[in-house]
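Working notes, beginning with the structure itself.
Remember, it's 1-based here, ligands and their atoms both numbered in the order they're listed. Residues: numbered from 1 along the sequence shown.
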Amino acid sequence: MKTFDVVIIGAGLAGLQCAKLLSRGGAKILLVDRKTDLAKSIHTTGIFVRKTLEDFDFPAGTLGKPVRNVTLYSPKLKTLKLESDKDEFRVGKMGKLYESFLQKCLENGVEFANGTRYVSARLNFESQISNPTFQNESDNEICNLTFEIRKGRAIVKLERNGEAFEVETKVLVGADGANSRVAKDLQLDENKEWIVGYEEVFHSVNSNDEPRLHCFLDAELAPGYLAWIADDGEEIHIGVGGYAASFNPREALKEFKAKIEGEIIDLRTAELAETRGGRIPVGGVLRSIANENGLLIGDAAGAVSPLTAGGLDPCLRLSAMATSLITERLQTDNPKILLNYSGELFRARFVSRLWMRRIIAMVSNQKLLELGFGFLRGKIGRKFASHVFFGRGSFPDVEIKINAKSNSLNASLLKN
Ligand SMILES: Cc1cc2nc3c(=O)[nH]c(=O)nc-3n(C[C@H](O)[C@H](O)[C@H](O)COP(=O)(O)OP(=O)(O)OC[C@H]3O[C@@H](n4cnc5c(N)ncnc54)[C@H](O)[C@@H]3O)c2cc1C
């Protein structure tokens, strides 16, 4: 059986970032994804906000044009135009971005198992450490087997082309998305509240318009969230998002397109390239996201803004924190170090956003939304909308200080 320092399940942005950072330190890493091609079956629009663009380097050719303009629409298509003097958003070319992150991982020695499904994990497994000896005592055979519990180790069962195989690891990382199987097997918290997003991506042809993000409030087509057009002149993403129990995303997208086609966007010359969709956890960062055997990152950890449903910035930041703790755990050979990785650190920062999510979830009436939109068009409302779209709020960074004497850690949030 092959042995690794770290096995990462999921090569989305969170898993790739974690593998990339960890591999710089020379850890022996296995990165696993059930996809054969990371550029296929993408399930994100890929909008990165200003703070992410400022704090992280993106490989050349992986971002679309900067977007400075946002138009917000009421159910009756009344508008509120917001304009920033800074580049606020860029739509990632996610296939290229994943491939480029993967390339860096491979250069650093990460082993990548694509087309490979995570099946299960056995934690703190028992291992036989001496050969069996048998002796006769009266009529009974006594078996002197000696076992040790391999604390902080796991055996991970994987499957490729219908064939199962196992690997051993010191740390198991769940980067396997909103519906994480690893979270369940590690007996950590699991996402319970989510919205569903569904979109079509078009290659833009002859678009001379200013890059713009259009966001639509509509309790029927996007109950509990938004419908959107992200048009940066290169790609046009048209999508709907909301609570799965309250709408049919495919039908809603059809209706949404009928509502906007000709009025707001002209798709006559645009070519449909792909459809994307998936769950977005909006219950806030989960509390229990680590134990001595491993930890969760990205959507698996619920690391998504409950208000904006943005999860890409948290993928990059939380994976950086996870990397520091995993490195420390490997260097000290102390599995308990991972217990410092807790969702409790972050939850206080999201209290107001969680409340706003609850309020938005309750608004299921178009008239009420239209009324609320009237408020947004006022002076205070406009300020609030600008803050939501252009504020520098992002997932918090964490500073980790190691007390060499007591070998303990202190993790604190940085202001950002
Ligand atoms: C429609 C939509 C639009 C969105 N738009 C934006 C946006 O514009 N901006 C933003 O900030 N956020 C957006 N989000 C949220 C954001 O995309 C996610 O938060 C982010 O992509 C999560 O990344 P991740 O790496 O945690 O998970 P994922 O990207 O889900 O990656 C998980 C990986 O694990 C693999 N996997 C899962 N199970 C197994 C298994 N059993 N075995 C092997 N592999 C497995 C999957 O194949 C996948 O590659 C959007 C989400 C959706 C659904």
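In terms of protein heavy-atom proximity, atom 12 (N) of ligand 1 is closest to Gly311 N, 3.0 Å. Ranking protein heavy atoms by distance to atom 7 (C) of ligand 1, first place goes to Ile47 N, 3.5 Å. Gly177 CA, 3.8 Å is the protein heavy atom nearest to atom 27 (O) of ligand 1. Protein heavy atom at the shortest distance from atom 32 (C) of ligand 1 is Ala175 O, 3.3 Å. Nearest protein neighbour of atom 41 (N) of ligand 1, counting heavy atoms only, is Tyr118 O, 3.5 Å. For atom 48 (C) of ligand 1, the nearest protein heavy atom (residue, atom name, distance) is Asp33 OD2, 3.4 Å. The single protein non-hydrogen atom nearest to atom 34 (O) of ligand 1 is Gly10 CA, 3.2 Å, given as residue, atom name and distance.
For the pair Pro281 and ligand 1, no heavy-atom separation below 4.0 Å is found.
Separation of the Phe48 and Phe58 ring centroids falls under the 6.0 Å cut-off.
Electrostatic pairing of Glu255 and Lys259 does not count as a salt bridge here, judged by no charged N lying under 4.0 Å from a carboxylate O. Salt-bridge check for Glu166 with Lys157: failed, with every basic side-chain N at 4.0 Å or more from each acidic carboxylate O. Of the charged side-chain nitrogens involved, at least one lies within less than 4.0 Å of a carboxylate oxygen, so that Asp266 and Arg268 count as a salt-bridged pair. Using a 4.0 Å cut-off between a side-chain N of Lys or Arg and a carboxylate O of Asp or Glu, Arg122 and Asp185 do not qualify as a salt bridge.
Neither the backbone nor the side chain of Arg181 has a heavy atom within less than 4.0 Å of ligand 1. With a 4.0 Å cut-off on non-hydrogen atoms, Ala309 touches ligand 1 through its backbone and not its side chain.
Taking the six-membered ring where tryptophan is involved, the planes of Phe216 and His214 are essentially parallel, since the angle between them stays under 30° and well short of 60°.
Around atom NZ of Lys28, more than 12 heavy atoms belonging to other residues, nucleotides or ligands sit under 6.0 Å away. Atom CZ of Arg250 has 12 or fewer neighbouring heavy atoms from other residues, nucleotides or ligands inside a 6.0 Å radius. Within 6.0 Å of NZ in Lys104 there are 12 or fewer heavy atoms belonging to other residues, nucleotides or ligands.
Of the listed residues (His237, Lys35, His43, Arg117), the one carrying the non-hydrogen atom nearest atom 28 (P) of ligand 1 is His43. For atom 26 (O) of ligand 1, the nearest non-hydrogen atom from the set Val196, Ile8, Asp299 comes from Asp299. The closest heavy-atom contact to atom 4 (C) of ligand 1, among the options Thr44, Thr116, Leu318, comes from Thr44. The heavy atom nearest to atom 44 (N) of ligand 1, considering only Glu199, Glu159, Arg34, is found in Arg34. In this comparison of Asp176, Leu312, Asn179, Thr308, the heavy atom closest to atom 21 (O) of ligand 1 sits on Leu312. Proximity annotation for atom 23 (O) of ligand 1: of Gly12, Gly298, Ala14, Cys315, Cys315 comes nearest, heavy atoms only.
By the side chain to side chain contact (heavy atoms under 4.5 Å, CB included) test, Arg68 is found to be paired with Asp87, residues two or more places apart in sequence or in another chain being considered.
The distance from ligand 1 to the heavy atoms of Gly197 drops below 4.0 Å at these ligand atoms: 1 (C). When each atom of ligand 1 is checked for a heavy atom of Gly278 under 4.0 Å away, the hits are 53 (C).
With hydrogens and angles ignored, the 3.5 Å screen pairs a side-chain donor or acceptor of Ser305 with a backbone N or O of Leu307.
Considering backbone and side-chain N/O of Thr45, one or more are found under 3.5 Å from N/O of ligand 1.
Under the side-chain contact (heavy atoms from CB on, under 4.5 Å) test applied with Leu31, the options Thr116, Val7, Val110 reduce to a single match, Val110.
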